[in-house]
Amino acid sequence: MTLMRAAGVAEFGAADRLRIVEVPRPVPGPGEVLVRVRAAGVQPADVAVRSGWLPPGAPPVEFPVVPGNEFAGIAEATGEAVVGFRTMRCYAEYVTVPESQVVPKPGGVDWAAAGALSASGQTAHTALERLGLREGETLLVHGAAGGVGTMITQLAVRQGVRVVGTGSAANQDYLADLGATPVEYGDGELDRLKEQGPFDSVLDAAGKGNLRTSVELVADRARIGSIADWELARELGCLWIGSDRNRGRLAELLDLVSAGELRVNVRAAYPLEEAFQAHADIETGHGRGKVVLIVG
Ligand SMILES: NC(=O)c1ccc[n+]([C@@H]2O[C@H](COP(=O)([O-])OP(=O)(O)OC[C@H]3O[C@@H](n4cnc5c(N)ncnc54)[C@H](OP(=O)(O)O)[C@@H]3O)[C@@H](O)[C@H]2O)c1
């Protein structure tokens, strides 16, 4: 058995439990690709996994638990640069995935951006589809500066949708740069938002009770979606949006990045050994775009 390095936890707990561990290097089965990982994106869901939550469909818990749902790397058999996604175990030197979960990486897209695109990008793309946005409509995005918010803001703007995005004071210029009309969240937010309406649709990419504000701004709850607050979405009769990840969606996003029409804003990159710092960064709950681990 060949071993490899990964970042994982021997027991669930705080960020400082995330350490380098030696685990068996995965062996590809029929129809699978073995990828040597160069970069792996970090998400709030990974923080939840580290703390003891497991995503639906995740393999049975076996410690050390290695989080991570997105990656970019080199296909071992062909030497081709690829971008892909899987459920868990991407904070590692190698991953195996079905061929249907990788696409070629365009040469001009750097490793960090490629490794951090797959999860937030596909979630944003799915949300845009589910909310049925059309050219000329106005979309409110709560948490527009985050990993998903950064993506949906740009994707909507390039489809001719007007985006109003909420963020902290520190991120107002960043949001304007993405093409959104920025609005500061916090005290007086509803009044500030009403000045920017009317809205056709809302994406809640922040949780924190933002759906309660949303239902005061858009009457049709089928056009209010959340990726962050399942319980409140259910209580208020709003849409719960889960990421529908597939190869076509990822290829389309990569083409946009390659053409310079979509930017993956990597706000911080950490070596695999500092995965605990990457988690601490995500746990601040603030930031512009994505955090990524550089492997090897
Ligand atoms: N359903 C799914 O399939 C799915 C997929 C991906 C992510 N998610 C969930 O979606 C959420 C966002 O993910 P992410 O990767 O974008 O997270 P992230 O990169 O950590 O971004 C979170 C953003 O929330 C903003 N924020 C903090 N407090 C806020 C408030 N009170 N009102 C509005 N915005 C606020 C922050 O903006 P400032 O920096 O300006 O404070 C930050 O940019 C997380 O809960 C994540 O678990 C769900």
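Everything numeric here is computed off the predicted structure, so don't read it as measured data. When a ligand or atom number is given, it counts from 1 through the structure's own listing order.
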Review item, side-chain donor-acceptor pairs of residues 147-160, under 3.5 Å, at least two apart:
unit_1	atom_1	unit_2	atom_2	d
T150	OG1	A145	O	2.9
T150	OG1	G146	O	2.8
T150	OG1	Y174	OH	2.8
T153	OG1	G149	O	2.7
Q154	OE1	R263	N	2.8
Q154	NE2	T150	O	3.0
Q154	NE2	R263	O	2.9
R158	NE	E261	OE1	3.2
R158	NH2	E261	OE1	2.5

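The contact shell of ligand 1, taken as protein residues with any non-hydrogen atom closer than 4.0 angstrom, comprises Q43, P44, T123, G143, A145, G146, G147, V148, T166, G167, S168, N171, Y185, A205, A206, K208, N210, I227, A228, W240, I241, G242, S243, R267, G285, H286, G287, G289.
A donor-acceptor pair is defined here as one N or O able to donate and one able to accept, closer than 3.5 Å; no such pair exists between the side chain of R36 and the backbone of V95. Not a single donor-acceptor pair under 3.5 Å links the side chain of R50 to the backbone N or O of P67. Under the 3.5 Å distance criterion, the side-chain polar atoms of E70 are matched with a main-chain donor or acceptor of A119.
Qualifying salt bridge (Lys or Arg N to Asp or Glu O under 4.0 Å) partners for D244, counting only residues two or more places apart in sequence or in other chains: R249. In terms of the side-chain contact (heavy atoms from CB on, under 4.5 Å) criterion, residue partners of S100 (sequence neighbours excluded) are, by chain and number, P98.
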